[in-house]
Structure formats: structure tokens, C-alpha cells
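Read through the structure below, which is laid out as C-alpha cells, and then see the notes.
Protein chains get the first letters and strands the later ones, always in sequence-line order, with residue 1 at the start of each. The basis for the numbers below is simple: all heavy atoms, side chains too, and nothing from hydrogens, waters or symmetry mates.
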Amino acid sequence: MKTGLFLADTKARTLLEVESSNESSVRIYCCGPTVYRDAHVGNLRTFLLSDLIVRTLNFLGHSATLVQNITDVGHMSDDFEEDKMLAQSQLERRDPFTIAREYEEHFHTDLARLNISKAKRYPRASESIELMQALIEHLIELKSAYVGEDGSVYFSAQSFPTYGAISGNRLDDLKPGHRYEYTEDGAKRFHADWALWKAAGKRTEMIWPSPWGAGFPGWHIECSAMSMHFLGETVDLHVGGIDLRFPHHENERAQSNASIHNRELVSMWVHGEHLLFEGRKMSKSAGNVVLLNDLINKGLDPLALRLALMENRYRSQMDLTWSALEAANKTILRWRRNIAQWALAPRIEVDISDFKVFLANDLDTPKVILQLRALEKSEATDSQKYATFIAMDRVLALDLQRRTQEEELSTEARELLDARELARANKDFVMSDVLREKLQAIGIDVLDTPDGQSW
RNA sequence: GGUCGGAUGGCCGAGAGGCGAGGCUCAGGACUGCAAAUCCUGCCACACGGGUUCAAAUCCCGUUCCGACCUCCA
């Protein structure tokens, strides 16, 4: 069933219409976090992308089923001493699964703060080992994979005819390049083959028994196994960050398709571009990794990040800055204040078909926001403004109806405010300013308006 | 080296042959005891060199610069 939503498909290199392969729901898989650290705002941009897709589909009258994995094992570089989970475990001197559960919890907290709606399921890699092993066995039977002399299982890249379709890479060009040193261990039959199952070697933690000996799964196989298990024989849409295009998604596609006799499992691949922060790619080495908590500690509403990200299209690289976040924060506060005012006008129905067109056209959230700004300034009635903003908040999810001021005040604050009002009435402005500072110290910003002070 | 994107005012960013998007900052003004907020006004840009055209930020050719990916990454 067609949905009317067009998105940029990486493999087709053009816009394609999202279709649901069954009548009820669009099936979406989004590559989730590797829970060895907190997600930074760049990671969150990708998670916001899948939320925007889900919300837009709902907005257009369709339902969506989202599954997002939690990688808590097996995400290693080729040098498998460097498993991200175990490296962090050694660093923190704690059990790797304890760490994983903790960062997984943080991940859910961050999503909730950004109003990212919950996926239907968040399967963990560590709890899907049997699924992966079954898939690997199947791939061996089909001769797409083989057991190496080292006890690891490898996927045979050459056995998959359309390898490279997503990334544009060709197997011949993937020979050891100028950038990376290659240390062939001799177990792979072809340089571009990759591990589905890694023999434990010296590892003693996070390993499982298998038909090929104790070991642990490769990174790519978890997404193949989980997407097919939880979403079925067709995945309508696969979402992830642009850097996953290769090798992760290329390899995932090869594994999945090979297991179903080269039928195409995933109909569309959608990738979110990277986020820079203050002009540079976020990385630990550059020291410019920004977490959602960093925003909160600066007194910004986490939803300011949501707005700032939506001001750019998901597939353009964007440079996020503190000043952009502060601007977004101000905009949200102004909108909430205005909406509280507009809410007093009579309720009416409004036509929001233009906004549907913008969203359906490859999630043009920048244009949606632009139009809302124009409406805000326009001659339209308060009723129209209210109805339109509230309708669009179903997708924007900026909590635009949230009250801007707190109702409950401590007795101390109440006394200070009363005293200040009295001082102002007596034109004792020195005392008034002193009291304003005291109020500020307990977290209350006082504003003087023609109708008296407010906070 | 290969592949793909860019270059727009102080900053961020839409637009894709003819009407100078918008936001932020800044300056001036209104309002205000002062702040803050709000409102008004101002700031006339499209990397460079050619070309096509009545008309180019937009199309073509060339140049320079920047970024991404090329088996760590959202």
C-alpha cells in the first residue's frame, strides 16, 4: 500500500515512495546504539530521523512498526581484541553487561527527553544469539558462508552477486587500499569476506557456545537476524546513519538477501547525514562530543535540540552550534507563550494540507518550520494560528502546549514576590532590584509587564 | 588515488533562469523606574574566470577552496 511519503533511497539514489508490504503497517528497522557510552547529539539525530518518519506516516494516516536494536555485544573492529563493550568494561573495571544496561537506560531517557516515540521493540544482540546462530547455519548450508581454519565463520562476499549496490563499492576496488594496513590472518578465503561468528580466542567474557566452538557474533549479523525475526519477510524501510552505509548495511544486505535466496529483504534504505558541532565532526579525539545532558546543564530545553535538528533536512550535513541551540530554545519558549495566548480564541478546524505536502516530500521539516514562522507573524486569526501549531506539533513534538510558568511556588518565593510587588507599588526600586536578585538566586526570573510582575 | 556532495550577507541557512526566504547577532527607535520580553526600522549576499540568454545566485565550460565516504563511527 502506498503511503504518499517520499524519501531518498540510498540504493536507488533517488526519491522513492514508502510502501507498506502488508495492508496494516509500514515495517521499519533502525540501527540502534552500541551501548558502551552515552549517545551524543549526532547519534540522536539519526534516532530522531526514524521518529520523524513514524510521526509523518501517522500524520498521513498510516501506521508504522518500528524495531530498533540494542548492540550490547559483537561490535568490534577487524582487530577483535578491540570490542567496544569489552574495552569500556576494562576501562571502567566493571562487568560489561552491567555497563550495557546502564547506557541502554540512558539511551531511553534521552529518547524520552526528545519526544522520540518508543519503538515497538528494542531487541538486544546478546539475547538474540540463537537467532544469529540459526541464520549463520542457514548461510553455511546455502554455501554463502564457510567455517575458516581458525574456527570463525565467514561470509563469502563473492557468493553474493549484487554486493556493493548500496554503497557503490565494487569488490575489485575493495582490495587493501592506501589508507589501511592489511594483516590477512589466512582464514578468510577472500579479502573482502567478513566474520559472521568469531572464535573466542583468548576472550573469556561475552562468549557463547556454538556449533563452531565458543565465540561471539560479528557485528553485521545481528541486524540481519533481528530485522528478519521481528519484522518478517519484508522490511519496508531500513534507517541508519550515513556511515553505516558501508560496510555495515552492505554486509547486512548481503547476509539477509542470501538467506532468502537473493530476494530483496529491504525495500528502501534511508540514511541520515552526519552532524558537525561547531564546524567539526564530533569525536572523542576532537573533544567536541556533546551529550543531551550538556544541553540540559546549560539550561536549555532538550527539545531545543529537536527543533534545531529539524531546521535542517535529515540528509544534509549540518553544523550544530551553541548559538543555534540557544536560538531554538528561544523560539520554543516564544511559541509556547504565544500558543497559550492563542488558546483563548475559539477553536476552529484548519486546512493543513500544505504541511502534509512538505513532509511527504522527503521530510521537509525546514519548510514546515519556515511556514509556521510566517503564520506566526501573519494576519491570520488566533484561532487559525492555534489550530495549525497544535496540529503540527503532532509531528514536531515540541510540547507546544506546555505551560511556560510554574504554578507551584515555594512559600519563600511567594513572600519575596509579594514583597517585591509592594516595593514596586511604593516606587522603592532599590529594594525591588534586590528582591529580583534574590528571586533569581532561587531560580525565578521575574519580568515586569504592564499588568504587574510575572515569572 | 576513487566515489559523492558543497561554496549564498557579521553568523546559520532556504531558493534553482526575471519578484533580495527566514532565523540569529549587531545598530537605532518605541515601550519600561531599570532590566527582560515584545514591537518597529536598518544591515541589499550568492567562491573566482569565461560563456549561453532580452534576463544567471540559478544553465554550460574551466579554476580554486571545503567536506563526506572508501572495511572504528549515528
Side-chain angles (χ1 to χ4, degrees), chain A residues 10 13 30-34 37 39-50 68 71 75-79 82-84 87 157 164 167-180 182 191-195 219-220 239-248 250-251 271-276 279-285 289 307-308 311-331 333-334 337-338 364 366-367 369-374 376-377 404 423-424 427-430 432-433 436-437 440 445-450 453-455:
Chain A
T10 308
R13 290 166 175 74
C30 179
C31 282
T34 302
R37 58 159 168 74
H40 60 236
V41 291
N43 302 126
L44 294 171
R45 187 186 191 195
T46 302
F47 306 147
L48 173 64
L49 171 58
S50 59
Q68 185 168 32
T71 300
H75 186 177
M76 77 295 288
S77 55
D78 253 13
D79 170 9
E82 270 182 39
D83 183 280
K84 288 177 186 301
S167 62
N169 282 315
R170 290 174 306 165
L171 281 177
D172 290 346
D173 295 337
L174 285 175
K175 287 173 183 169
H178 67 288
R179 222 175 107 179
Y180 290 96
Y182 248 81
H191 60 82
D193 292 352
W194 65 91
W219 175 32
H220 315 301
V239 181
I242 188 68
D243 51 317
L244 296 185
R245 178 179 22 141
F246 187 83
H248 183 58
E250 198 70 75
N251 292 359
H271 291 104
E273 249 298 348
H274 269 198
L275 179 72
L276 308 180
R280 287 183 305 168
K281 183 168 165 173
M282 255 183 289
S283 67
K284 263 187 277 190
S285 54
V289 173
L307 177 59
E311 286 189 276
N312 290 67
R313 259 260 183 75
Y314 72 91
R315 61 191 168 87
S316 72
Q317 202 176 69
M318 89 171 269
D319 183 18
L320 189 67
T321 60
W322 283 117
S323 84
L325 287 167
E326 278 153 19
N329 198 59
K330 273 163 73 172
T331 300
L333 291 176
R334 190 182 73 238
R337 196 171 55 232
N338 286 343
D364 198 347
K367 192 164 265 175
I369 291 163
L370 182 73
Q371 290 297 312
L372 286 176
R373 287 185 196 275
E376 181 188 8
K377 283 188 167 183
T404 46
R424 273 170 50 77
K427 302 224 180 272
D428 182 353
F429 297 120
V430 177
S432 161
D433 286 349
R436 176 161 56 200
E437 277 172 29
Q440 209 151 29
D445 290 319
V446 191
L447 306 179
D448 293 325
T449 70
Q453 61 185 6
S454 70
W455 58 92

Kindly point out which of [options] is positioned nearest to the side chain of [X]?
X	options	result
A:Phe246	B:U38, B:C70, B:C24	B:C70
A:Leu275	B:A74, B:G13, B:U25	B:A74
A:Thr34	B:U71, B:A74, B:A14	B:A74
A:His40	B:G23, B:A74, B:C70	B:A74

- So, A:Asn338 and A:Glu376: side-chain donor and acceptor under 3.5 Å apart, yes or no? yes
- Query: Without hydrogens or angle criteria, can the side chains of A:Asn312 and A:Arg45 be said to hold a donor-acceptor pair below 3.5 Å?
  - Reply: no
Integer angstrom distance from the [atom1] of [N] to that of [M]:
N	M	atom1	result
B:A27	B:G9	C1'	16 Å
B:C12	B:U8	P	7 Å
B:A14	B:G6	P	11 Å
B:C48	B:C70	P	33 Å
B:C19	B:U58	C1'	14 Å
B:C59	B:C69	C1'	29 Å
B:C26	B:G62	C1'	39 Å

d([atom1], [X]; [atom2], [N]) in whole Å:
X	N	atom1	atom2	value
A:Gln68	B:A74	CD	C1'	10 Å
A:Glu326	B:C11	CD	C1'	13 Å
A:Arg424	B:A35	CZ	P	13 Å

- Task: Look at the side chain of A:Arg436 and the base of B:A35, then say whether one donor and one acceptor between them are separated by less than 3.5 Å.
- Result: yes
- State whether the distance check finds a donor on one side and an acceptor on the other, under 3.5 Å, for side chain A:Asp433 versus base B:G33. yes
Using only side-chain N and O atoms of [X], determine if any of them is under 4.0 Å from OP1 or OP2 of [N].
X	N	value
A:Lys377	B:A21	no
A:Arg245	B:C70	no
A:Arg315	B:A68	no

- Message: Counting the atoms with a prime plus P, OP1 and OP2 as sugar-phosphate, which does A:Arg373 contact under 4.0 Å by heavy atoms, base, sugar-phosphate, or nothing?
- Response: sugar-phosphate
- Message: Any base atoms under 4.0 Å from A:Leu244, or only sugar-phosphate, or nothing? Heavy atoms, all strands.
- Response: sugar-phosphate
- Query: When the ring planes of A:His220 and A:Trp194 are compared, do they come out parallel, tilted or perpendicular, using 30° and 60° as the limits?
  - Reply: perpendicular
- How long is the span from the CG atom in A:Leu372 to the OG1 atom in A:Thr331, to the nearest 0.5 Å? 11.5 Å
- Range-with-range stems of RNA chain B (Watson-Crick or G-U pairs under 3.5 Å, three or more in a row): B:1-7 with B:64-70, B:10-12 with B:22-24, B:26-30 with B:38-42, B:47-51 with B:59-63
- Query: Toward the 5' end of RNA chain B, which comes first, A:Glu376 or A:Val41, by nearest nucleotide?
  - Reply: A:Glu376
- Hey, which sits more toward the 5' end of RNA chain B by its nearest nucleotide, A:Phe47 or A:Asp364? A:Asp364
Minimum heavy-atom separation for [X] to [Y], with atom names?
X	Y	result
A:Ala157	A:Asp193	N-OD1, 2.8 Å
A:Leu171	A:Ala192	CD2-CB, 3.8 Å
A:Ala328	A:Glu311	CB-OE1, 4.4 Å

- Would you say A:Gln317's side chain and A:His274's backbone share a donor-acceptor pair under 3.5 angstrom? no
- Task: Report yes or no: is the ring centroid of A:His274 under 5.5 Å from the six-membered base ring centroid of B:A68, with the two planes under 30 degrees?
- Result: no
